[in-house]
Enquirer: 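Structure incoming, see below.
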There are 2 protein chains.
Amino acid sequence: MVGQDVAECCPALLTAPLDEEQAEAVAKVFKALGDPVRLRLLSMIASRSGGEVCVCDLTPAFDLSQPTISHHLKLLRQAGLIDCERRGTWVYYWLLPEATDRLARVLTRPAGAPPADTADTAATAR
Amino acid sequence: MVGQDVAECCPALLTAPLDEEQAEAVAKVFKALGDPVRLRLLSMIASRSGGEVCVCDLTPAFDLSQPTISHHLKLLRQAGLIDCERRGTWVYYWLLPEATDRLARVLTRPAGAPPADTADTAATAR
DNA sequence: CTTCTATCTTGACGTTCATCGAAACAAGGC
DNA sequence: GCCTTGTTTCGATGAACGTCAAGATAGAAG
């Protein structure tokens, strides 16, 4: 319905002010990543290069019940970060790399565009 | 206490499973970005190339009270994304580019590295 | 074919956390 | 002194997180 997926927007966030709709679409994805459990789930799924992970391989890594894991997976799926398919008794999840690519692009600042002074790295370590 | 800041970790999230502490540190920052108001604030601050924005320039863009804006700015600051300084009557905020750079790196997948293997988590499933 | 078991999802409920505004407080300029 | 700019505190409303119980789907056993 609303239709503005992060797909069309991603105008870099750091170069121009986001309008309200874009902000809401992007925030939805970041919110999905704003939880340690979901972050670990995503990284477990993404790093499994076969591309696919069975839920039964994910659950034992946490001190949470299966329904809870299932809920978190649903949120990641609704955010467009992963997708799943049932194959026989098991359900397999995999990463949608375009989603993370988009997010990375949103956070990336056009290199060599150092605005005025910034005082960027001067202050802190490294 | 040497806190596990996102500083030292950022192991790409997509290539290897995140451990619990790393996940919590990274999730804290993503959670700060998981709100439309804070995203717009950040983008307004970041895109202002002078590098600095006065709070009085941010507030009118929202239908929220100043205290609420101040609260959101505080969360962004606690997440390490921005910093501020009082100069006379006004308070100026600016972006900490290292923070967004780190996040972008966390989400970036080694190009053309479709790993193969894994061998990590007792992959056995099959 | 029926029944049993295993895997995973969905719904409902209680607890905890986040969001927001009004009022009070701090800091500085006139 | 008074006024302006921002932050902080406090309380109320609403959303998110986690568990239990029930539903859905597929294979195996009888």
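Here is how names work: the chains are called A, B, and so on, in the same order as the sequence lines, proteins then strands, and each is numbered from 1. Only a predicted model underlies this, so the values are computations on that prediction, with no experimental measurement involved.
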Enquirer: So, do B/D35 and B/H72 sit near enough that their side-chain heavy atoms are less than 4.5 Å apart?
Expert: yes

Enquirer: Rounding to a whole Å, what distance do you find between B/K74:NZ and C/dT19:P?
Expert: 13 Å

Enquirer: Just the rounded figure in Å: distance from P of C/dT9 to CG of A/L76.
Expert: 12 Å

Enquirer: So, is A/T89 near the phosphate of D/dA26, with a side-chain N or O under 4.0 Å from OP1 or OP2?
Expert: no

Enquirer: Determine: side-chain N/O of A/H72 to OP1/OP2 of D/dA16, distance under 4.0 Å, yes or no.
Expert: no

Enquirer: Output yes when at least one side-chain N/O atom of A/K31 is less than 4.0 Å from OP1 or OP2 of D/dA16, else no.
Expert: yes

Enquirer: Using the closest heavy atom to pick a nucleotide of DNA chain D for each, name whichever of A/V37 or B/V91 lands nearer the 5' end.
Expert: B/V91

Enquirer: Specify the separation, in whole Å, of atom CD of A/Q78 and atom P of D/dC17.
Expert: 12 Å

Enquirer: What's the closest nucleotide to the side chain of A/S70 if the choices are D/dT7, C/dT10, C/dT7?
Expert: C/dT10

Enquirer: Of the listed nucleotides (D/dC17, D/dT8, D/dT7), which one gets closest to any side-chain atom of B/Y93?
Expert: D/dT7

Enquirer: Provide, to the nearest angstrom, the distance between the CG atom belonging to A/L41 and the C1' atom belonging to D/dC17.
Expert: 14 Å

Enquirer: Decide yes or no for B/H71 and B/L75: does some side-chain heavy atom of the first lie under 4.5 Å from some side-chain heavy atom of the second?
Expert: yes

Enquirer: Nearest 0.5 Å, please: how far is CZ in B/R48 from CG in B/L95?
Expert: 13.5 Å

Enquirer: Just how far, in rounded Å, is P of C/dT19 from CG of B/L39?
Expert: 12 Å

Enquirer: Check the phosphate of D/dT25 against A/R87, side-chain N and O only, distance under 4.0 Å to OP1 or OP2. Yes or no?
Expert: no

Enquirer: Grab the CG-P distance between B/L73 and D/dT7 for me, whole Å please.
Expert: 6 Å

Enquirer: Return yes if some donor-acceptor pair links the side-chain N/O of A/R77 with the main-chain N/O of A/A79 below 3.5 Å, else return no.
Expert: no

Enquirer: Out of C/dT10, D/dT7, D/dA26, which has the shortest distance to the side chain of A/R86?
Expert: D/dA26

Enquirer: For the side chain of B/W90, starting at C-beta, report the closest nucleotide among C/dT19, D/dC17, D/dG6.
Expert: D/dG6

Enquirer: Is any side-chain nitrogen or oxygen of B/T68 closer than 4.0 Å to OP1 or OP2 of C/dC20?
Expert: no

Enquirer: Rounded to the nearest Å, what distance is computed from the CD1 atom of residue A/I69 to the C1' atom of nucleotide C/dT10?
Expert: 16 Å

Enquirer: Please state how far atom CD in B/E85 lies from atom P in D/dT7, giving the value in whole angstrom units.
Expert: 13 Å

Enquirer: Taking the side chain as everything from C-beta on, heavy atoms only, tell me whether A/V29 gets closer than 4.5 Å to A/V106.
Expert: no

Enquirer: Go nucleotide by nucleotide along DNA chain C from the 5' end; which of B/L75 and B/P67 gets its closest nucleotide reached first?
Expert: B/L75

Enquirer: Picking from C/dC8, C/dT19, C/dT10, which would you name as closest to the side chain of B/H71?
Expert: C/dT19

